[in-house]
Amino acid sequence: MSLQTSLNRLLLQFLHQLPCGFLGLLIGLNVTPVDPASVGSEVWYGKKSGKYTSVGKGDSVVYSQLYPFEGLWNYTSGIIHHVKLKGLEPGTRYYYKCGDSSIPAMSQEHYFETFPKPSPNNYPARIAVIGDLGLTSNSTSTIDHLNYNDPSMILMVGDLTYANQYLTTGGKGASCYSCAFPDAPIRETYQPRWDGWGRFMEPLTSEIPMMVIEGNHEIEPQAGGITFKSYLTRFAVPAEESGSKSNFYYSFDAGGIHFIMLGAYVDYNSTGAQFAWLKKDLQSVDRSVTPWLVAAWHSPWYNSYASHYQEFECMRLEMEELLFRYRVDIVFDGHVHAYERMNRVFNYTLDPCGPVYITVGDGGNIEKVDVDHADDPGKCPSAGDNIPEFGGVCKSNFSTGPAKGNFCWNKQPEWSAFRESSFGHGILEVVNSTYALWTWHRNQDNYKENAVGDQIYIVRQPELCMKDLKDPHQSLPYNSSTKSSSAINHLSQDVSIIISQILGVLFIYGLLSQVEWS
């Protein structure tokens, strides 16, 4: 008897510019969508440059962003093609072209490398972590610096393009939308920013896998109460492969790391579908195969800046205990436009078994950097500030610790280890089952050799933190060689990638392998 389980739920995303000008977007007062079936969608791929042994064909779709208000421009996208590539092997370089060979119109050749197979001995070399990137000169500095650091994977923790900082007619965007456009009938967006952002990212993401999660700037409300239309149409994620029924939350493996991507702008209550999925996903993780457990979502729970202070306290109250129970090692967030690394913490109390929370919402977006701390004199927000765009309000004074009875600390909180108001990005280098090197790079250090803004080794302690866990998978020692080697020996790879193309932008997604236990 054998049990099949989708162990390696990997998502690869690549974007690159294609010679497909005929797939033009339409924007104006009256727009008519193009026919998605008017152009074929193909991907040629193989293990050797110029020798494509396989061809994948797929489906296509378009989306529209419509506003029922006089004078606002509407938008309809170029054709988005989704193609699934099957039979890929882990840890392997593939060369590819995409387009429609019948026209003919095929892109230049690019390549990507699939993630290593799940194992306590295999890890992506360097994982870049970015949040709140946008499309500004600071964004350019961030991406230039990140590219110099040669990542093998990118984790994007929400707020990608900031298209909703502009009116539908384009023009100059604003760092404060409500300040600049107080009479706007709805939170408008300039959708061509999405297309420009894709072209901006092309040199990097045409070769490097990028995993994404939504942020509040992806909500983008339009006619009929529709939200997240651009994000959901342009990005595919391995939701189904990871047992999720929503593209707002999913999980995947990259070597010996299990990543959990959570949605902060959909129901996160303990009685909801996301919570039930999260619990089931955590229960399925075998720490002898993927010792590291990393979670990411957009809005931080631990944050000592005045901006977004205690904004997502409701989500923390619903989910924190579950993540702590299953010993999540690291949490990455964005939203706050600055950098902050926490000490290991649980329920605002230092705990050696709590996750290391890291905020990297400092990608360089148009809203600029956050500088005020909640503990600075006169900067403590009121309970009526920082209302979330989704979910309830659960703010309260601290009930324990040095700040007991107060809404804010009067000094840097003990759980806040390091913070700085600079744009930048982070690099995670997992060394083995125990050690991972985390480095935060500031944009102002771009041309300085060996300069770092913050750097620490994150150390797992399974002998201390996992000894009391009751779940049989979770209680396995991280170096339990017997079952780990058994899993690897019975690994039969069936890896697939989904490739999507829109308006000269290519996306490659969804790397899935099957594991057979006997």
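With a 4.5 Å cut-off on side-chain heavy atoms, Trp301 and Met319 count as touching. Between Ser206 and Tyr96, the closest side-chain pair of non-hydrogen atoms falls below 4.5 Å. Contact check for Glu367 versus Asp159: no side-chain heavy atoms found under the 4.5 Å cut-off. Proximity of Ile358 to Val129: side-chain heavy atoms (C-beta onward) are nowhere separated by under 4.5 Å. Proximity of Gln412 to His373: side-chain heavy atoms (C-beta onward) are nowhere separated by under 4.5 Å. Between Thr227 and Pro221, the closest side-chain pair of non-hydrogen atoms falls below 4.5 Å. Between Ile257 and Ile127 there is a side-chain heavy-atom pair separated by less than 4.5 Å. Within the 4.5 Å cutoff, side-chain heavy atoms of Trp194 are placed close to those of Glu220.
Panel note: side chain Trp197, backbone Leu160; a donor-acceptor pair is recorded below 3.5 Å. Proximity of a side-chain donor or acceptor of Arg193 to a complementary backbone N or O of Tyr162 within less than 3.5 Å is not detected. Listed for the Tyr177 side chain is a donor-acceptor partner under 3.5 Å among the backbone atoms of Glu188. Using modelled atom types, one side-chain atom of Ser244 and one backbone atom of Tyr249 make a donor-acceptor pair closer than 3.5 Å. No donor-acceptor pair under 3.5 Å is formed between the side chain of Ser270 and the backbone N or O of Glu318. Between the side chain of Arg93 and the backbone N or O of Tyr111, no donor-acceptor pair lies under 3.5 Å. Side-chain N or O atoms of Asn432 include one that pairs as donor or acceptor with a backbone N or O of Tyr435 at under 3.5 Å. At distances below 3.5 Å, at least one donor-acceptor pair connects side-chain atoms of Asn386 with backbone N or O atoms of Ala306. Checked by atom type and distance alone, the side chain of His298 pairs as donor or acceptor with a backbone atom of Val157 at under 3.5 Å. Within the 3.5 Å criterion, the main-chain N or O of Asn164 finds a donor-acceptor partner in the side chain of Arg187.
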Next on the checklist: Walk me through whether Arg419 and Asp454 qualify under salt bridge (Lys or Arg N to Asp or Glu O under 4.0 Å).
Outcome noted: CA-CA 9 Å; Arg419 59 192 184 184; Asp454 182 36; over 6 Å; no
Next on the checklist: Go through it in stages, so that I can follow the logic: the residues are Thr189 and Thr161, the test is side-chain contact (heavy atoms from CB on, under 4.5 Å), and I'd like the CA-CA distance, side-chain angles, deciding distance and then a yes or no.
Outcome noted: CA-CA 10 Å; Thr189 72; Thr161 70; over 6 Å; no
Checklist entry - Would Glu340 and Ser304 satisfy side-chain hydrogen bond (donor to acceptor under 3.5 Å, both in side chains), going step by step from the backbone distance to the final call? => result CA-CA 8 Å; Glu340 186 168 20; Ser304 68; 2.5 Å; yes
Checklist entry - Hey, mind stepping through Tyr63 and Gln191 against side-chain hydrogen bond (donor to acceptor under 3.5 Å, both in side chains) and telling me if it holds? => result CA-CA 11 Å; Tyr63 81 93; Gln191 287 292 301; 2.6 Å; yes
Checklist entry - Can you list the steps and then say if Asp329 with Arg287 is a salt bridge (Lys or Arg N to Asp or Glu O under 4.0 Å)? => result CA-CA 11 Å; Asp329 296 299; Arg287 301 298 279 270; 3.0 Å; yes
Item to check | Verdict with reasoning, Thr359 to Asn303, per side-chain contact (heavy atoms from CB on, under 4.5 Å) | outcome: CA-CA 8 Å; Thr359 298; Asn303 164 38; 5.6 Å; no
Next on the checklist: Could you walk me through whether Phe200 and Ile143 satisfy the side-chain contact (heavy atoms from CB on, under 4.5 Å) test, starting with their C-alpha distance in whole Å, then the side-chain angles of each, then the deciding distance to 0.1 Å, before giving a yes or no?
Outcome noted: CA-CA 9 Å; Phe200 162 66; Ile143 294 303; 3.6 Å; yes
Checklist entry - Yes or no on side-chain contact (heavy atoms from CB on, under 4.5 Å) for Trp440 and Asp362, after CA distance, side-chain angles and deciding distance? => result CA-CA 11 Å; Trp440 175 58; Asp362 56 343; 2.7 Å; yes
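Ring centroids of Phe248 and Tyr265 are separated by 6.0 Å or more, keeping the two rings apart. When ring centroids are compared, Tyr302 and Tyr348 come within the 6.0 Å threshold.
Relative ring orientation between Trp415 and Trp409 is described as perpendicular, the plane-to-plane angle rising above 60° on a 0-90° scale split at 30° and 60°. Taking the six-membered ring where tryptophan is involved, the planes of Tyr166 and Tyr190 are tilted, since the angle between them lies from 30° to 60°.
Residues Leu262 and Glu214 approach most closely at O-OE2, 4.4 Å, considering heavy atoms. Across every non-hydrogen atom of Cys380 and Phe407, the tightest pair is SG-CD2, 3.9 Å. Heavy-atom minimum distance, Ser416 versus Asn343: C-ND2, 4.4 Å. Nearest approach of Ser422 to Val369, heavy atoms of both residues: N-CG2, 3.8 Å. Of all heavy-atom pairs spanning Asn216 and Glu389, the tightest one is ND2-OE2, 2.9 Å. Across all non-hydrogen atoms, the minimal contact from Gln274 to Asp267 is NE2-O, 3.1 Å.
Residue Leu282 holds its CG atom at 9.0 Å from CZ of Arg325, rounded to the nearest 0.5 Å. How far CZ of Arg341 is from CD1 of Ile458: 8.0 Å, rounded to the nearest 0.5 Å. Note that NE2 of His425 is 10.5 Å distant from CG of Asp144, once rounded to the nearest 0.5 Å. Distance CD/Glu320 to CG/Asn347: 5.5 Å, rounded to 0.5 Å. For the atom pair OG of Ser141 and OH of Tyr447, the computed distance is 6.5 Å after rounding to the nearest 0.5 Å. Lys279 NZ to Leu322 CG: the interatomic distance, rounded to the nearest 0.5 Å, is 7.5 Å.
Applying ring-ring contact (aromatic ring centres under 6.0 Å, His included) to Phe332 and the options Trp297, Trp438, Phe259 leaves one that passes, Trp438.
At least one test fails for Arg234 against the ring of Tyr231: distance under 6.0 Å to the centre or angle within 45° of the axis.
Side-chain atoms of Ser139 and Thr136 form a donor-acceptor pair, as typed in the model, at a separation below 3.5 Å. Donor-acceptor pairing under 3.5 Å is lacking for the side chains of Asp132 and His217.
Ion pair Arg199/Glu202 not flagged as a salt bridge, since none of the NZ, NE, NH1 or NH2 atoms sits closer than 4.0 Å to an Asp/Glu carboxylate oxygen.
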